[in-house]
Each structure stands twice: as structure tokens, then as C-alpha cells.
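First comes the structure, then the notes that go with it.
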Amino acid sequence: MLEIKNLHARIAEDDTEILRGLDLAVKPGEVAAIMGPNGSGKSTLAYILAGKQDYEITKGSIIYNGQNLLEMDTHERAAAGLFLAFQYPLEIPGVPTMTFLRTAINSQRKQRGEDELMTPDFLRFVKEKAAALKIDMAMLKRPLNVGFSGGEKKRAEILQMALLEPKLCVLDETDSGLDIDALKVVSEGVNALRSPDRSVIVITHYQRLLDYIVPDSVHVLSKGRIIKSGDKSLALELENKGYTDIIEDAA
Amino acid sequence: MNIQTTRPRTEAETGFLALFDRLDLPGDNKVKTARSEAIAALAIHGLPTRRVEAWHYTDLRTMMHKALEPASRPDKAQAEIAIGNRNWLDDFFMLPIVNGHYIPELVDEIPEELIISALCDGESAFIDGSLDADNAINILNTAFATDGLSMIVDEDCSPDLTIGIAHVYSEDQPAMTATRNNIVVCDGASARFSERFVGPDNIEYHSNAVTNLWLGLNSKARWVICQEEGDQATHLGQLNVTLGEGAELDIYVINTGSKLVRCEINVIVAGEGSHLNIRGVNLVGDKSHVDVTTVLKHNVANTTSSQIFRNVSTEQGTGVFQGQIQVAQIAQKTDAAMACNTLLLSDECSFSAKPELEIFADDVLCAHGATIADLDENHLFYLMARGIPERDARNLLVKAFLEEVLEDLDDEALSDILIHRIDRWLDARQ
């Protein structure tokens, strides 16, 4: 599904190096958790996967389903099945959520050479997925994310994910700012999407999210590299020992 | 020591003076006198330059190259063809003005609550307005107006009736049109007007339109200006409004056409308890120059006004917004707000915004704000990360930015039309 090799990247604006030789492989159906302290490069990795322009790749490669991901535009990556759930979903005034959802779905279908979804089918589809995530349809009539609470924004991200049916989901600190109830709803939404041909990368600070979304593998990111990989027990070990010990052990 | 030197006249200025001598324009003696005074004012002031404060960003003297012959009055069949393929709303009561001439032959039965006459048929009352150096639009219009509408809307007028004024230019050569409408909305009346300007591309015609609108006691009106003249046209428009006590007026203006636009909205808030809303969209592309200038005079106490303009400038377009709010000393409790937000989408375009407040009362709320920005890169990234190609994502954001000003328009059919104009303009950009 995804193979990252020796990835080096820096912030284009000021040349600060963030990723320093990152290696990561994610198999189809695998849920991989990436954990690490602040500033280790977790969000940078998420943005680079999605195609944000603010970073410059100086070395290494990312192969996604046999394609060179770094040569694809942001929208092409999305149409090819890559989905980033934002840590801070953006509020976009004036763009009604439903218009946005329909445009996104149909843009992707068009790029894949599929027929566009007609309005009645689209509405049925949205209603069904929204109900599962306990999202009120009235909320979707509002401009995209505008005035949504933190929890509503995260649920709206998962709704987008459910509607776009990606192959590789990247969840960037989806647990931040969520209370326990919202965390459960969001996790159930993600778990419902687990399937043998869909992979998930869960980026998080805390082990708590991994109680709900149980990972197949856990990777510790520090100073732009994966310094330790293991199964779900590694997350518990991190919770008990803290990052400092693990990082020192690995060094 | 100051030595006043007269500047040599431009081709346009000389042309206007010569044209006036040659033409025999309609009107009784009073009108003829007014016309002579106007042309005398033009002879003295010339067309305004940057040195005239109100025209600082639009040097009309440099930009208006020629004086054009008045366009000819079409016969009924020609007018019918000119109007025919212009899809406007079906349920409008339509008043066609073709090439600067009102065509009553094409008007359906006039509703009882309206009294309408062609300007030239009526009394001479149509000439007013200042002839000062900064009022070039009125000077030219007074001198050269060929026709227009006199309309009285009585108190029985239903708000369901929309009165459409369709200005159509149909000549295949450059010519000038100058029209003048005088409209009175009587005490307690409600009226909705939609004014639209259309014409062919690739013809450098001039269109000058002045409307004087009076709103009586507790009357309500909506005035929509949809300026979509041909891409080489010069459009000089002026809407002069006097608001009576308790009157409410909503103005929507959208500029999508013309090479050169000066759109003036002058409102005298003359009656207590009156309210004015202005919402505007200006689309500035190619090499066009679009100037919207508003002057609001709050002359009495307890009045409110709100203005929001959203502008997009791209390619080599230059846009201008000047918004002046004057609050007289006795106009206590005035609440006036003005916002002008602009997106600059290319390296070669520009936009100048000049809010101006002159406040002589001490207990008022006056707010103004102007922003100029590019699209938010993070917003773009978010949309693209969902699979929306960059161009579509940009258009989605630009549309969202513009259409917010139409949100208050509780008329879906009209709103759809205006949105369609915005879409069409955006689609025409690369």
C-alpha cells in the first residue's frame, strides 16, 4: 500500500529539516499508529503525504500502490484514494458543506473515469453515513466547518472519509480536542471503515485513542525518524515509560 | 503667484461641444436651458482628471477617448429583436430601453399602480442635479439625455411586482446612449426594480444612465443593477436616491461587464427612521477599470445604513471603491457600516479602496473596513486534499466569497440569475 524510504524533508521557507531518513511500510488492511513527542515530525509526515506545498523533499521516496506519490498533485492523490483527516479542519465561510461534499465526491469520480453521483443518490448516501456518525443533517447545511464545535469538526472529517471511501486514511491527531463520547463515535466511524484493502495511519500523542482503534503496528517517531516499531504493546509501553526512556533506549 | 492656464481640450471634450451644437435634442425651453448650462459646465471644467478629488482613481479625461454620436432609435421590429434573445425573468414587468430610447410599443399592459411616461413626453422636471466639476456623469447626461422613464409607483403597488428596466444596446457601431429615469415611490408603497444593462462585445460604445429615485414616507423598495455591458463598453451610471421618513431601500449592484465603469450611488438619507442597505459585487478582469463610488448623506437623526462590497480583481483589471459617509451635526444616533473586501488574483491587477467618514454628530456608530487579500492557501489545500482540482477549488472559494453578499436577497429566482452571472464571469477566466 505505502512504502516510504529514507525520506528527508524540510520546510521550504526556512530550510528547517524536519524528516531525517524516515522509513515506513504499511500493508493493505493494516492499521499503523505513529506516535511521538511534539516536534518529532508527525504532522509534517501527514501533510507531505497529502501533498502540501510548504515542504521540500530533499531525499527519499514514497511509493503508494506502485505509484510515485511525490509526482502526483494533491487532488490526484485524493482521487487515487489517499485521505488526510486534518488535525485542525479548516472553516471555509460561504461554501455550504453539502456543496463541498458533492463537489469533492464528483471531482474524484470524474478523475477516476466514473459517472458523477446524481443528487438523489448523493443525498441518500450522505444521510446514511451521517446518521451512523450521529451528525445532524442541519449541520451540513451550514458553511463548511463554520461554527462547528471541535467534536463536530472531527466527526465531519470522518464523515468525509466515509463518503470518499479512500484506500489509505491518514488521521492526524484526530483525538485532540475530543471528549470521551466524541472519541468513541469517531473511533467507531474509523473502525467501520476497516477492511482488508484499506489501510489506516493513526497519528497520535496518546495511547488512549488506540484503545478504541486497535493498531496492527506502532511506530515511534523522533527527530524525523522511526526509531522503534512494534505491535500494540509498544503503545502501552510508551504510556508507562514516556517518550524519553524509549528514545534513550533506541539511541 | 498663480497663473491659470487652460488645458487644451481633448478629442472627446471638443467632440462633445461640437456634437451639442449640431444636435437638436428633445425638451421644452426649460430643458434646453438646462442642457445649455450643462454643456457650458463641460466647456469650463472639461472631463474630470485625477486632480478632481472624486475622480482621483479614475482619470476620465484620459480614459474617455471620444465623443460618440447618439445611437439611433430603433423601430418596433428592430427593438423586438434586440430585446428578444435577452433572457431575463419571465414574470418581470419589463420596460425596454433600446439604444437609449424607451420603446413603449413593446410594453405589456401597464399595471394600474404605475404611472409611466417617456421622459421626453413629460414635463420638464427631469433636469436637476449639480453641474459641478466632479459631477461629469450628470453633466454629460443633462446635455445629451435622449430619453428615459418617468414613473410613479402608487401605494397599491404589490411587492410581488418586479419592474424590470432593460437597457439594451443593439447597434453594430460605436455610439452613445444617455438616459434619465425619474422614479417616485409614493408614501407607503412597495416596489422592486431590476435594472439591467446589456450590449454586444467588441464595440466601444458609451452608455450613460442616471436614475433619480425618491422614496416616500414608510415606503419600501429594492433596486438591483446588473451591469453586464459588452466587453469594450464605457458605462457611466449614477443612481441618486432620496430616502423619506421610515423608508427602507435595498440596493444590489453587480458589475460584470464593460471596459470602463464608473458607477455612482448617491443617497440622501433625508427622513428619520429610514434604512439603507447596499450590497455590491464587482468583477474586474481583462484590462477593465471598474470604479464604484458611493456617497451617503445622513442628514437627520435615527437612520441606519449598511454597505458591503465584495470585489475580485484579476488579469490586468483595476478596481476602485470609494465610499463616503457624511453624518450631519443633527444626525444623532446614525448607525452606518461599510465594508469593502477584495480578492486580488493576479500579479498585474490592482484595487484601490477609499473609505471616507465625515462625522459632525457626536452620538453615532460608524464602522468601516477594507480588506485586500489573495485566496487563503490553507483553504485551497483543504479543498484539493479532498480531490478538487486547483482551478475548481479556486472558483469555489471565489464564488463563496462573492455570494455571501447575496445571502440577504430573499428572492431565489433573482439570486440565481445574479449567481449565474458570477459563474459565467469566473468560467470565462482561464
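Quick caveat: nothing in here was measured; it's all calculated off a predicted structure. So that the names make sense, note that chain A is the first sequence line, chain B the second, and so on, each numbered from 1.
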Hey, what do you get for [atom1] ([X]) to [atom2] ([Y]), rounding to the nearest 0.5 Å?
X: B:Leu380; Y: A:Lys52; atom1: CG; atom2: NZ; answer: 11.0 Å
X: A:Thr103; Y: B:Leu396; atom1: OG1; atom2: CG; answer: 5.0 Å
X: B:Leu383; Y: A:Ile92; atom1: CG; atom2: CD1; answer: 4.0 Å

Examine whether an atom of A:Leu144 lies under 4.5 Å from a heavy atom of chain B, and if so say whether it belongs to the side chain, the backbone or both; otherwise answer neither. side chain
Region of A:Pro143 in contact with chain B, defined by heavy-atom distances below 4.5 Å: neither
Turns out that what part of B:Tyr382 lies under 4.5 Å from chain A's heavy atoms comes down to both
Between B:Glu403 and chain A, with a heavy-atom cut-off of 4.5 Å, which part of the residue counts as in contact: side chain, backbone, both or neither? neither
Qualifying residues under side-chain contact (heavy atoms from CB on, under 4.5 Å), relative to A:Asn106, sequence neighbours excluded: A:Arg102, A:Arg109, A:Glu116, A:Leu117
Winner by heavy-atom pair count (cut-off under 4.5 Å) against chain B, out of [options]:
options: A:Glu76, A:Gln111, A:Gln53, A:Arg77; answer: A:Gln111
options: A:Phe86, A:Tyr47, A:Phe100; answer: A:Phe86
options: A:Ile105, A:Asp73, A:Leu84, A:Leu101; answer: A:Leu84

What closest approach, in Å, do A:Pro93 and B:Ala400 show between heavy atoms, and which atom pair accounts for it? O-CB, 3.7 Å
Could B:Arg386 and A:Glu157 be called an ion pair, given the rule that one side-chain N must be under 4.0 Å from one carboxylate O? yes
Heavy-atom count around B:Lys220 NZ within 6.0 Å, excluding the residue itself: above 12? no
Taking CG in A:Asp115 as the centre, count heavy atoms belonging to other residues, nucleotides or ligands within less than 6.0 Å. Is the count above 12? no
Chain A-proximal positions within residues 347-357 of chain B [heavy-atom distance under 4.5 Å]: none
Residues of residues 160-172 of chain A with a heavy atom under 4.5 Å from any heavy atom of chain B, in residue-number order, are A:Gln160, A:Leu164
Where at least one partner belongs to residues 128-142 of chain A, residue pairs that pass salt bridge (Lys or Arg N to Asp or Glu O under 4.0 Å), sequence neighbours excluded: A:Arg142-A:Glu152
Taking the side chain as everything from C-beta on, heavy atoms only, tell me whether A:Ser107 gets closer than 4.5 Å to B:Met384. no
